[in-house]
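All values reported here derive from a predicted model rather than from experimental measurement. In each ligand, atom 1 is the first atom listed, and ligand 1 is the first ligand listed.
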Amino acid sequence: MRATAQAQPNIALIKYWGKRDAARNLPAVSSLSLTLDSLWTRMSVQFDATLGADQLEVNGEPATGMLTRVSRCLDRVAGSSRDFATVRSDCNFPIAAGLASSASSFAALVVAASEAAGKSPDTLALARLAGAASGSAARSLYPGIVLLTAGSDDIVVQSIADDWPLELVVAVTEESAKPVSSGEAMTRSAESSPFYATWVARQDEDIRSALDAVSRRDFLALAAVSEHNCLKMHSVMWASRPPIVYWNHATLTCMQTVRRLQSDGLPVFFTIDAGPQLKAVCLPEAAPAVASALSETPGVGRILRSGLGAGARRLQET
Ligand code: PMV
């Protein structure tokens, strides 16, 4: 009745932004992401017939804010007549700050909960369960470069490559939680941004370009379509009413640093999610120079680095 699992966050290059079916949390668009290796969330789940309610602890502290989403996810995995559970989460990077902590959390949760409940769904079924809690979490079940296809009935997720050694350098410009959740921001974009319909209609073009770039291991082509897709998503947000602006001053200064590195000939590009952190994707030989330039950029608090890693998996109890 007890199991522990680990998942790493994933960072989208072609972004998920918008829901086709809010009740089932199905995405309006397909997306393409990188699963990381050195950032992680570990979740342990223990079902216990003596408990009167679910309990959640994050990094050793009681966490009531996330409890409803966690309980609903446990219901979907183990059935609503399940026993209550004690859930413990440990995360080695900032939470709810645009670093995809919900992706690693729910990916780890569905693996730990299904093992604790004695169920063994296949990876796609686990990805769908994770995606019902947090759209991007479905991708963290898979390793390397991951494609999530927004089908008409349900999502399909697959790893398309895990042998291209891309590296990620994250410039953390703000550690605290974001002011507007991505779910709320997506709804606002869909309801009020004049660019939303075009965003949805053009997404498959970007997916095709990115897949083509990955299949040819063409870093510059992947860079061009990824930066385009990121800035397009943020344009949708900026044009929403009221506007959603996740960037801060340092986010823009970091973009200028990446432009300078590019003009020096370094293989690097940026992407930014629902938060002010800038993520630089680069080839391994460029990673030390990218990390040092971003760490010297004004407003950057700290640098996190990661290569590409494995999908969510069960850990042996210690
Ligand atoms: O999965 P959510 O609801 O946290 O949304 C993730 C949205 C972005 O990170 C901005 C884009 C993405 O594809 O991960």
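The closest approach between a heavy atom of Ala274 and any atom of ligand 1 is below 4.0 Å.
Cation-pi contact between Arg42 and Trp40: present, with separation from the ring centre below 6.0 Å and deviation from the ring axis of at most 45°.
Each of the atoms 12 (C), 13 (O), 14 (O) of ligand 1 lies under 4.0 Å from some heavy atom of Ala12. Counting atoms of ligand 1 from 1 in the listed order, those under 4.0 Å from a heavy atom of Ser102 are 4 (O). Shown in contact with Ser134 at under 4.0 Å from a heavy atom are these atoms of ligand 1, numbered in order with element: 1 (O), 2 (P), 4 (O).
Under a 3.5 Å cut-off, the side chain of Gln6 and the backbone N or O of Ala312 do not form any donor-acceptor pair. Checking side-chain atoms of Ser104 against main-chain N and O of Ser101 turns up a donor-acceptor pair under 3.5 Å.
With salt bridges taken as basic N to acidic carboxylate O contacts below 4.0 Å, none links Glu115 and Arg313. Residues Glu205 and Arg202 are paired through a salt bridge, judged by an N-O separation under 4.0 Å between the basic side chain and the carboxylate. We find that Asp264 and Arg259 are not joined by a salt bridge, their nearest charged nitrogen and carboxylate oxygen being 4.0 Å or further apart.
For ligand 1, none of its N or O atoms has an N or O atom of Lys15 under 3.5 Å away.
Regarding atom 11 (C) of ligand 1, its nearest protein heavy-atom neighbour is Tyr16 O, 3.3 Å. Protein heavy atom nearest atom 1 (O) of ligand 1, with residue, atom name and distance: Ser136 OG, 2.6 Å. Atom 5 (O) of ligand 1 has Met186 CE, 3.3 Å as its closest protein atom, hydrogens excluded (heavy atom only). Protein heavy atom nearest atom 3 (O) of ligand 1, with residue, atom name and distance: Ser182 OG, 3.3 Å. Nearest to atom 12 (C) of ligand 1 among the protein's heavy atoms is Arg139 NH2, 3.4 Å. Among protein heavy atoms, atom 9 (O) of ligand 1 sits closest to Asp273 OD1, 3.5 Å.
More than 12 heavy atoms of other residues, nucleotides or ligands sit less than 6.0 Å from atom CZ of Arg302.
Between Trp17 and Tyr246, the ring-plane angle classifies as perpendicular under the 30° and 60° cut-offs.
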